[in-house]
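Before any comments, here is the structure.
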Amino acid sequence: MDRILQFNVSLYSYTPQGAEQLYKQAEMIYYRLRLYQILKTKETLSVDELKSELGDNPLKHLLDVEDNAEVRLARHLDYLSHWTLKIAYSNQQPMFFMKCELRWFKTRFNNMSHDQRMEFIKKNNLNLTPATDTEKSNLKLWGQNWYKFNFTEVTLLVKLRLYPMYKGFIFIPEHKLVFWLTEKLQKQLQSSLVHCRKMLPSTCDQLNMLINTFELVQPYSDTTSRSFKLCDLKKNVEHFPLCMKFQYENLEKKHHLKHFSRVQYGLFLKGLGLSLEEALKMWKTEFTKKMSERCFQKEYSYFFKHQYGTVGSKIKYKAQCCDTILEQSVPSGFVHGCPFKHWDASVLSVRLREDDVCDEDVRKILGLKQREQYRAACTTYFQSVCGCKLDDVIDHPVKYYDKSCSSIVDIEDLVLSDED
RNA sequence: GGCGGC
DNA sequence: GCCGCCAACATA
Ligand code: SF4
């Protein structure tokens, strides 16, 4: 703990021990979320600007250079709130959390004095290898101190190719050491987030409840950017991959879908940008053709709300990828899963012909199916149906949809350019 | 559909 | 019988 209070930055390596007062915790969450909000809205900020944006937020003291009681208190607050929010975000938007934290670290580290920085590195047992004299003269490294790193430690700088590289090593001047540290922090956070997520069910209820009372700051442009209107569902079904087209058809025909289909198809439509309101409308109009509205509300509506993350744990579920769909078991009588895997070859080939897949492609698809290359089979199906090539194998239904839509655009372009 | 609560 | 909660993860 002493080491934590010694610097304005930290790698947050150790789980904090000892419980804080609940109101104290709430306060900490609040302050850190305010920090995230700023980082999200202002892409670039100087230290001074950030400080003034923070206003009365105690975290602003981590941008101070001096060291007093107030600053130490802020460091403590920083450490604990980092962990609470890590737990909170581990389930929701880990990437967003990561981005905020890395930027926050970088800003603070850059703001520290030279001595503090080197001391921080030393105290955290991070080994620096200074460039030797011969290396310096060979690679013409003048001026200040240069350090030697393995490529894997500073991949970003390696990519930029700004500094001398030699046999798997790169040499970096002292004032660029942040890049090394942020990458270290990034790796640590990655595994820590995974760990937190696994532990989430067993974290104490008090903490969970507390977290839930806060509205976590969400990144821009996730589901918000995309939108899919129910009214043009019909005309877009042609762009759906076979697995989803089949869900659509069954829903139309039977006015019902079983549980796993609801998961698969519901998340897919959500992935396309269908709003919760419209989704509920869709399921309701279909389902109530065979059941009372009251029954729908009681049996099914909660499910879809949960799917959209508006109730319960408020998890923002993403659409299933092909691998998940392929792994499902599909007992007879169920319609979910991937046609290229779960359908009988004869059933599949009938369907393929119905969709005007040429004989050659039908054979190819069935061959791929036999060799368990289901996604490749799907890709072939795509090429046959859309009449255009793909450079990658399909690995996600939503991607299939996007590519199918843009393939139409391609063809329109072709037609247009043909005309003049 | 599964789990859980009354 | 009433009710609540869960699943996912590509992605430039
Ligand atoms: S490969 Fe993927 S997208 Fe294609 S049908 Fe199967 S699950 Fe659907």
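To find a chain, count down the sequence lines: A is the first, B the second, and so on, and within it residues start at 1.
At whole-Å resolution of the value, OH in A:Y302 and C1' in C:dC5 are 5 Å apart. Rounded to a whole Å, the CD atom of A:E299 is 12 Å from the P atom of C:dG4.
Using a 4.0 Å heavy-atom distance criterion, A:R294 is classed as a sugar-phosphate-only contact.
Contact record, A:R103 with A:K42: NH2-O, 2.8 Å, taken as the closest heavy-atom pair.
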For nucleotides 1-5 of chain B, give me every protein contact, N/O to N/O, under 3.5 Å, one pair per line with atom names.
residue : atom : partner : partner atom : Å
B:G1    : N3   : A:H259  : NE2          : 3.0

Are there any protein N/O atoms within less than 3.5 Å of an N/O atom in nucleotides 8-10 of chain C, and if so, which ones and at what distance?
residue : atom : partner : partner atom : Å
C:dA8   : O4'  : A:K318  : O            : 3.2
C:dA8   : N6   : A:N91   : O            : 3.4
C:dA8   : N6   : A:N91   : OD1          : 3.3
C:dA8   : N3   : A:K318  : N            : 3.1
C:dC9   : OP1  : A:C321  : N            : 2.5
C:dC9   : OP1  : A:T324  : OG1          : 2.3
C:dC9   : OP2  : A:T324  : OG1          : 2.9
C:dA10  : O3'  : A:D395  : OD2          : 3.4

For a quick test of your reading: what N or O donor-acceptor pairs under 3.5 Å do the side chains of residues 233-246 of chain A make, sequence neighbours left out?
residue : atom : partner : partner atom : Å
A:N236  : ND2  : A:D232  : O            : 3.1
A:H239  : ND1  : A:S404  : OG           : 2.7
A:K245  : NZ   : A:Y381  : OH           : 3.0

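Between the side chains of A:Q320 and A:Y265, no donor-acceptor pair is found at a separation under 3.5 Å. A donor-acceptor contact closer than 3.5 angstrom links the side chains of A:D344 and A:S346.
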Decide yes or no on side chain to side chain donor-acceptor pair (under 3.5 Å) for A:Y317 and A:H306, but give the supporting numbers first.
CA-CA 9 Å; A:Y317 292 109; A:H306 173 79; 3.0 Å; yes

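Taking the six-membered ring where tryptophan is involved, the planes of A:F304 and A:W283 are essentially parallel, since the angle between them stays under 30° and well short of 60°. Aromatic ring pairs are classed by plane angle as parallel below 30°, tilted from 30° to 60° and perpendicular above 60°; the pair A:F7 and A:F120 is perpendicular.
In this structure, A:R262 fails the cation-pi test against A:Y300, since its NZ or CZ atom is not both closer than 6.0 Å to the six-membered ring centre and inside 45 degrees of the ring normal.
Comparing the same atom, C1', in C:dA10 and in B:G1 gives a spacing of 26 Å after rounding to whole Å.
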